[in-house]
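Only heavy atoms go into these numbers, but all of them, side chains included; no hydrogens, no water, no symmetry mates. Since this is a predicted model, take the numbers as computed values, not measurements. Letters A, B, ... are given to chains in the order of the sequence lines, protein chains preceding strands, and every chain is numbered from 1.
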2 protein chains.
Amino acid sequence: MAKIHEVAQAAGVSISTVSYALSGKRSISPDTRRRIEEAARELDYRPNAGARMLAGRRTQIFALTEPFRADTHAPAHMAFVLATSIAARRYEYDILLLTEEEASAGMRRVASSGLADGVLVLDVAPDDERVDLARRIALPTVFIGVPDDHEGLVCVDLDFEAAAALAVDRLADLGHRSIGFVGHPPTAYEKSNFPPRVRRGLEARAAERGLDCTTVLPESDGPRRAPVREAVRDLVEAGATALVLHCDDTSHAVALDELATLGRRVPEEVSVVSVGATFDTSAFHPPIDSVPLVPSASCELAVELAMRMVDGGEVPAAVHLIAPEYRAHGSTAPPGGASD
Amino acid sequence: MAKIHEVAQAAGVSISTVSYALSGKRSISPDTRRRIEEAARELDYRPNAGARMLAGRRTQIFALTEPFRADTHAPAHMAFVLATSIAARRYEYDILLLTEEEASAGMRRVASSGLADGVLVLDVAPDDERVDLARRIALPTVFIGVPDDHEGLVCVDLDFEAAAALAVDRLADLGHRSIGFVGHPPTAYEKSNFPPRVRRGLEARAAERGLDCTTVLPESDGPRRAPVREAVRDLVEAGATALVLHCDDTSHAVALDELATLGRRVPEEVSVVSVGATFDTSAFHPPIDSVPLVPSASCELAVELAMRMVDGGEVPAAVHLIAPEYRAHGSTAPPGGASD
DNA sequence: GCGAGTTGTCGAAGCGCTTCGATGACGGGC
DNA sequence: GCCCGTCATCGAAGCGCTTCGACAACTCGC
């Protein structure tokens, strides 16, 4: 743990010169800068974190609150944590984990001890307790997800309504007139904030385009996922020529498996699109079209907004919706037609 | 963000008195202490993190490195992260996340900037690159998991060999003579460090007890998990009266489902035990006996050891194995006998 | 009733860094 | 050739806390 003093000595300059050379906050002659950088490298110098926090007024840390609820979908969650961490590192920021009940107490603690420069809120519930807290603490806070009451908050999220609409448009454009929607289990529509948005967006656009749309929210159960299989069978037999899926990965696989069992080819006989649920639908058999969740997009924007707030910039309290993107993998085609 | 100065003023004492009263490092008269605590509460005072790091020589932060490998099992991983965080909070420590490639670069960075007091290493691979690094940095480091080369390291882990042996003993004691082992897919035996230990422990103890033991490592595939079903069928038809499972949750459920399909009752006709894989086997149908992974046990011990090292205590470089525990849920019985 | 502890409190010295204001050296315009 | 502006660098003042040593004010034991 070399100190700035040693670097200064090695480079034959004062410590303030070292500080300025390394931070770039004042101009330093090229020659001096080179000597300093060399000395710093040689000594593997990094500013002491505590001293830096105290003297500068940056901690270079964002707190990430994530209440690991019982219904938390681990893989998706991990993807978001990871994406946030990576996005933060781009700005030389580290992520401090605030879990569980600690989510609220931790936010308070971190705010009043000045441990973090900002807070990123993950796994947002419709009636999230962290909403009130965010309004009270004087720390830049960004929600990744949209709580019901989001007045005065900065939120970032995929535009789930538009995502669903995009899928509907694709199918409508191809000529489908009757589609089926396989959603999450019913409870998900109370505990999380986005499933209802997908459903709403889907049904609204389907109505607009004059499509017949049947929604099924199969219960989750054992390894057989009988309810999902049943849902797929019912929808297809009732005449749906396309399926929109908004459920977990296993249910996706099961739905495809059931279509295969029924002898319905994808996309020749049934088109399939996944909306706002999975990350990589190209690994399914067959690969399926999707309007995917893109954790990096949300997390990068969230971090960028947080950075702007830390830097004293103006960030309007608003819901920042990320435009969805359609990724074709060959699982849609005109009804009764050929692959597209 | 009240400062110690304000608390001192409010309580009518000097700042050093406040510091001592709050840290308990010197005796303070009960009356003074009360006044100080009251003032601190009133002002919602918390020592500034940066100042504390600088002046004390504690950051109150542990870095947690977790390289989110592609084959990382998200739910298990999350459970460990969570358990670590909770264990750390008991000592008033926070967790700083070091992900991905950042795992190594991050360890170096954190060590030389003095951002953390110690490092906890998660998701350890047999040939983990963090091993060398741990030996070089002058920061207390504890591995949660055991790399092949662990000389000079402090490691904590469930005693997987003993866990497997425990399951074998249970079955042997009940009178089983022929058991089947359903493991993870073959690749898991190269990338992770514990599957081989389970297998080794199981086969060794089975040999000791004179049991006939057949091992199958079914490939992982689609939602049907055909290989697992096949494995279960083959083992049972070959005469195994008990099944030891060391695979993911879905495979557990599939195995039970297959037994049901085959009309073999658990535990009357086939006993089933899960070893070192799942957290809660009581939710299966039927609930099954297990020697579970207990993230909290490993993580608590890891944190405790790290704390001891931070406090300058002597912690021998060694593998600290946690004794496994058998949890009965009624899925084992004497072969061809009644439930136990 | 006096020296020797004890106890409770205080002032001040850092911890390692950032940043402000000052200073000296230099160059260009007139 | 003088004045002023720029540029590169430096010294020193904190940032808010912990901790060391000092020191009154007591308490005892004899």
Side-chain angles (χ1 to χ4, degrees), chain A residues 1-37 39-40 43-61 92 110-117 310-312, chain B residues 1-37 39-40 43-61 92 110-117 310-312:
Chain A
M1 301 222 295
K3 309 179 184 171
I4 196 170
H5 167 76
E6 304 172 41
V7 177
Q9 206 159 338
V13 296
S14 74
I15 60 169
S16 55
T17 303
V18 174
S19 180
Y20 284 124
L22 263 25
S23 73
K25 292 191 179 166
R26 275 200 189 175
S27 64
I28 296 291
S29 71
D31 181 59
T32 308
R33 150 169 281 122
R34 205 190 33 67
R35 275 190 353 261
I36 292 175
E37 279 167 357
L43 296 164
D44 191 33
Y45 167 75
R46 255 113 168 177
N48 177 87
R52 220 230 278 246
M53 289 185 199
L54 189 57
R57 30 281 278 280
R58 292 292 180 79
T59 65
Q60 309 272 93
I61 290 178
E92 312 252 276
V110 154
S112 61
S113 70
L115 219 197
D117 293 336
V310 168
D311 286 338
Chain B
M1 302 226 294
K3 312 183 181 169
I4 196 170
H5 166 77
E6 304 171 41
V7 177
Q9 206 160 340
V13 296
S14 74
I15 60 169
S16 55
T17 304
V18 174
S19 180
Y20 283 123
L22 263 25
S23 73
K25 293 191 179 167
R26 273 198 188 176
S27 65
I28 295 292
S29 71
D31 181 58
T32 307
R33 150 170 280 123
R34 204 190 32 68
R35 276 192 350 264
I36 292 175
E37 279 167 357
L43 296 164
D44 191 33
Y45 168 74
R46 256 117 168 173
N48 176 85
R52 222 230 278 244
M53 290 185 198
L54 189 56
R57 16 292 272 286
R58 293 291 181 80
T59 64
Q60 309 272 92
I61 291 178
E92 312 250 275
V110 153
S112 61
S113 70
L115 219 196
D117 293 335
V310 168
D311 286 339

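Within residues 50-57 of chain B, the residues having any heavy atom under 4.0 Å from DNA chain C are, by residue number, B:Leu54, B:Ala55.
At C:dT7, none of the side-chain N or O atoms of B:Ser29 fall inside 4.0 Å of OP1 or OP2 (strictly under the cut-off). At C:dT9, none of the side-chain N or O atoms of B:Thr17 fall inside 4.0 Å of OP1 or OP2 (strictly under the cut-off).
Closest approach of A:Arg35 and A:Val13 over heavy atoms only: NH2-CG1, 3.6 Å. When all heavy atoms of A:Ala40 and A:Val7 are compared, the closest pair comes out as N-CG1, 4.0 Å.
Contact check for B:Pro47 versus B:Ile4: no side-chain heavy atoms found under the 4.5 Å cut-off. Counting only heavy atoms from C-beta outward, the side chains of B:Leu43 and B:Lys3 never approach each other to under 4.5 Å. Using a 4.5 Å heavy-atom cutoff, the side chains of A:Ile36 and A:Thr17 are in contact. Taking 4.5 Å as the limit, every side-chain heavy atom of B:Thr59 sits out of range of all side-chain heavy atoms of B:Arg52. Inter-residue side-chain proximity for B:Met53 and A:Asn48 is flagged as unmet; no heavy-atom pair is nearer than 4.5 Å.
Ion pairing between A:Asp44 and A:Arg46 holds under the 4.0 Å rule for side-chain N and carboxylate O.
Rounding to whole angstrom units, CD of residue B:Gln9 and P of C:dC10 are separated by 13 Å. In this structure, B:Lys25 atom NZ and C:dG8 atom P are separated by 18 Å, rounded to whole Å.
Note that the first and last nucleotides of DNA chain D, 5' to 3', having any atom under 4.0 angstrom from a heavy atom of chain A are D:dA8 to D:dG16.
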(message) side chain to side chain contact (heavy atoms under 4.5 Å, CB included), that's the test. Do A:Val310 and A:Arg58 meet it? Break it down for me.
(response) CA-CA 9 Å; A:Val310 168; A:Arg58 292 292 180 79; 3.4 Å; yes

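Where A:Lys3 and A:Ser16 each meet DNA chain C at their nearest nucleotide, the meeting point lying more 5' is that of A:Lys3.
Side chain of A:Arg26 to main chain of A:Tyr20: no donor-acceptor pair is present (N/O by atom type, distance under 3.5 Å, no hydrogens or angles).
Among the heavy atoms of the strands lying under 4.0 Å from B:Thr32 are primed sugar atoms or P, OP1, OP2 only; no base atom is included.
Using a 3.5 Å distance cut-off with no hydrogens or angles, the side chains of A:Ser29 and A:Thr32 do pair a donor with an acceptor.
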Which pairs, protein N/O on one side and nucleotides 21-25 of chain C N/O on the other, fall under 3.5 Å?
unit_1	atom_1	unit_2	atom_2	d
C:dG21	N7	A:Arg26	NH2	3.1
C:dG21	O6	A:Arg26	NH1	2.3
C:dG21	O6	A:Arg26	NH2	3.2

